[in-house]
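So you know, we letter chains A, B, ... as the sequences are listed, proteins then strands, and number each from 1.
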Amino acid sequence: MDMDSIVSLCKRRGFLFQSSEIYGGLQGFWDYGPLGVELKRNVKNAWWQDMVSGHDDISTLPGAPSSYAMEGLDCTIIMHPQVWKCSGHYDLFHDFMVDCRETKKRYRHDQLNGRWVEAKGQKIFVTAPAGDEEQAVMEKQAMKFFKIRAKNKDDIQWDGASTCLTEIDSFAEVLGPDAKTLGTLTEPREFNLMFKTYVGALSGEEGAAFLRPETAQGIFVNFKNVLDSTRNRLPMGIAQIGKSFRNEITPRNFTFRSREFEQMEIEFFCHPDKSQEWYRYWRDRRLQWYHDMGISGDRLIMREHHKEELAHYSIGTADIEYAFPFMAEGEFGELEGVAHRGDFDLRSHMEGKLDEKTDPLTLQLGEDGKPKWKGSGKDLSYRDDLTNEKYTPHVIEPSAGADRATLAFLCEAYTEDSAPDDKGKMQTRTVMKLHPRLAPIKAAVFPLVKKDGMPEVAKDIYLDLKKHFNVFYDEKGAVGRRYRRQDEAGTPYCITVDGESLTDKTVTLRDRDSLEQVRVKIDEVEQVIRERIDE
RNA sequence: GCGGGUGUAGCUCAAUGGCAGAGCUCCAGCCUUCCAAGCUGGUGGUGAGGGUUCGAUUCCCUUCACCCGCUCCA
């Protein structure tokens, strides 16, 4: 299966277009066409229905530790700038960073200091994170590099005082803070991953704001509002679907990495003691959802992060990944991350940005010893009125990409098979085998030929079905051609009015995947389609 | 961010320093009783900007986008 065919079909049939195409396009931005907008809306609606509005909050669902509540939310894209400082996005997304190719560690360009040092006829610049211990660390690094014992430390000659790495132009002679070889640091790169804008007519820095890089923070800051307005007890999930923006360095692979994208996120709040069980529940539940929507088992995997990849407070993170056609053999791309986030987010919005490297989590301090970013000071903890226990809830976060899911469904659906034409000759048929729930058009209605009263009957059926589903009417050309067109659009059912229909009030219902036709009474068409979609 | 490639009609592909062509698609009409049939007619194109030239889709420069490899990826 090659990606070009899928991209071509998406363009040809109106699933996806390049943004601003008549002006040459814009990297990292994509538009959904008439079929695409229906498909993506169906993806989001299926998720919302299955996770939120259709949620059974009375029973204990299979695999769940208990029953739980689910609520929805729709927050603004631009939020108070302090939100991103306490969430950590500001620090993470807004600095010049250097990466070490050897150790894969990343440092802020302006937070590495270093000194020139010479020994054994070689002069290098050793670096260390700025701080009280930087001198000791640099000495240790230098001696290790030059293979000099501690007792001979006078063999190395320091040249000049400690200076910031920002003063150094070429990194060829620079030794990274944890590296063994020279020149492993990349050029400093600006991580300006948040789109910046200005609130108010004046564009001064005091009005600076950001387009959200994730929908999650809107949920955290509204946690108390939702809790107070719904009378819910924990455990409770809050769901949100909405646009997010990241100024990705390298957008690529069709819509997979876009700069404007839509997320479907749940923040699930629970008691710390139960968080591990809830993590497993959500991980398994979300994987199953993709299966239920038609993604086959061998192209979908769940990858648990290794311990080293996890923030220390997290019990686990699992990525649900799909084998996209543009990925190398055996490689997968992330559809959704299910993360155990502990109480990091709520506490950061209460107390101020926490330091992820501490255990237990403590307030991150600035150079002046004061909290780096102040929190809201509002109490976001929860009092269980049954046990009278007060605690800060732990959070499980299933965070899905609506565009990535849509793309995966498109890729999974794309099929080429062979079907005989009216002369019995085999022809390649392109068919989008989308799950009926996701299909943009649920059914197409055709008169077999454009005469003998068939169009009139077909139009009546069309208008009747239109009240319930997105249906499509077509009377032009040969019926076989009309079937093929619907195959490419992913329409699961075609209803054809023929001569018999006029006398016995039945039509044929043609199945997209099996090509089978069954006769159905006109009065029962709506119900038959409804049953098949819900299967 | 680096290197390589590509850009001609909705799609697949031709051609040329001098009127840009075909097949399929699409549209209209005729015909047509179940899987891209047939006949007639029709619409439609050189990614953008600049330069060289009498004349550029073709040569040169810039730019944009896409693809491949590396890099990166909350």
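Nucleotide C70(B) forms a Watson-Crick or G-U wobble pair with G1(B), both donor-acceptor distances falling under 3.5 Å. Base pairing annotation: G55(B) forms no Watson-Crick or G-U wobble pair, as no partner gives both donor-acceptor distances under 3.5 Å. In this structure C19(B) sits in no base pair that meets the Watson-Crick or G-U test at under 3.5 Å. Nucleotide A9(B) forms a pair with no other nucleotide shown, judged by Watson-Crick or G-U wobble geometry with both contacts under 3.5 Å. Under the Watson-Crick and G-U wobble criteria, each requiring two contacts below 3.5 Å, nucleotide C34(B) is left unpaired. The nucleotide U46(B) finds no pairing partner, because no Watson-Crick or G-U wobble arrangement with both distances shorter than 3.5 Å includes it. With a 3.5 Å ceiling on both atom-pair distances, the Watson-Crick or G-U wobble partner of U40(B) is A28(B).
T496(A) and Y483(A) form a side-chain donor-acceptor contact under 3.5 Å, judged by distance and modelled atom types alone. For the 3.5 Å distance criterion, the side chains of S514(A) and D511(A) qualify, holding a donor opposite an acceptor. For the 3.5 Å distance criterion, the side chains of T506(A) and D504(A) qualify, holding a donor opposite an acceptor.
For the pair P213(A) and F254(A), both in contact range of RNA chain B, the more 5′-proximal nearest nucleotide belongs to F254(A). Nearer to the 5' terminus of RNA chain B, by closest-nucleotide assignment, is the contact made by L26(A) (compared with the other of L26(A) and E248(A)).
The CG-P distance, from L9(A) to U25(B), rounds to 16 Å in whole Å. Put simply, CG on L35(A) is 18 Å from P on G10(B), counting in whole angstrom units. Atoms CZ (R482(A)) and C1' (A36(B)) sit 12 Å apart, rounded to a whole Å. Atom-to-atom, CD of E21(A) to P of G7(B) comes out at 17 Å; the value is rounded to the nearest Å. Atom NZ of K476(A) is separated from atom P of C31(B) by 18 Å (rounded to the nearest Å). Rounded to an integer number of Å, the gap from CZ of F15(A) to P of C11(B) is 16 Å. Between Q486(A) atom CD and C34(B) atom P there is a gap of 19 Å when expressed in whole angstrom units. Atom-to-atom, CZ of R429(A) to P of U25(B) comes out at 18 Å; the value is rounded to the nearest Å.
Proximity note for S8(A) (side chain, C-beta onward) versus U12(B), C34(B), C68(B): the nearest is U12(B). In the set C34(B), A36(B), G69(B), the nucleotide with an atom closest to the side chain of E488(A) is A36(B). Checking C34(B), U33(B), G10(B) against every side-chain atom of K11(A), the shortest atom distance belongs to G10(B). Of the candidate nucleotides G1(B), C11(B), C34(B), C11(B) has the atom nearest to the side chain of R12(A). If you check U12(B), C2(B), C66(B) against the side chain of W30(A), the one that comes closest is C66(B). The listed nucleotides are C11(B), C2(B), A36(B); the one nearest the side chain of R484(A) is A36(B).
Look at the C1' atom in both U6(B) and G17(B): the space between them is 23 Å, to the nearest Å. Using atom C1' as the reference point in both C26(B) and G10(B), the two lie 8 Å apart (nearest Å). Taking the C1' atoms as reference points, C72(B) lies 37 Å from C13(B), given to the whole Å. Look at the C1' atom in both G50(B) and G3(B): the space between them is 26 Å, to the nearest Å. C64(B) and G55(B) are spaced 28 Å apart, taking the P atom of each and rounding to whole Å. One P atom belongs to C27(B), the other to G44(B), and the distance between them is 16 Å to the nearest Å. Nucleotides A14(B) and A20(B) place their C1' atoms 10 Å apart, quoted to the nearest Å. The P atoms of A48(B) and U57(B) are separated by 10 Å, rounded to the nearest whole Å.
The shortest distance between the side-chain N/O atoms of R481(A) and the OP1/OP2 oxygens of U25(B) is below 4.0 Å. Phosphate contact (OP1/OP2 of C26(B), side-chain N/O of R485(A), threshold under 4.0 Å): present. Residue Q27(A) places at least one side-chain N or O closer than 4.0 Å to OP1 or OP2 of C66(B). In this structure, K450(A) does not reach the U32(B) phosphate: none of its side-chain N or O atoms is under 4.0 Å from OP1 or OP2.
The closest donor-acceptor contact from the side chain of R512(A) to the backbone of G490(A) lies under 3.5 Å. Not a single donor-acceptor pair under 3.5 Å links the side chain of E336(A) to the backbone N or O of I320(A).
Applying the 90° cutoff around 0 to the glycosidic angle, C64(B) is assigned anti.
D452(A) comes within 4.0 angstrom of a base, heavy atoms only. T496(A) comes within 4.0 angstrom of a nucleotide base, judged by non-hydrogen atoms across all strands. No engagement by F17(A) is indicated, since no non-hydrogen atom pair under 4.0 Å with the nucleic acid exists. Among the protein residues, Q517(A) comes within range of the nucleic acid bases, having at least one heavy atom under 4.0 Å from a base atom.
Remark: the Y23(A) side chain and the C64(B) base include no donor-acceptor N/O pair separated by less than 3.5 Å. One can find a donor-acceptor pair under 3.5 Å joining the base of C34(B) and the side-chain atoms of T508(A).
The distance between the ring centers of F324(A) and Y322(A) falls below 6.0 angstrom.
Comment: D498(A) engages R519(A) in a salt bridge, judged by a side-chain N to carboxylate O separation of less than 4.0 angstrom.
Contact record, A208(A) with Y198(A): CA-CD2, 3.8 Å, taken as the closest heavy-atom pair.
Among residue pairs with one or both ends in residues 505-529 of chain A, none qualify as ring-ring contact (aromatic ring centres under 6.0 Å, His included); sequence neighbours excluded.
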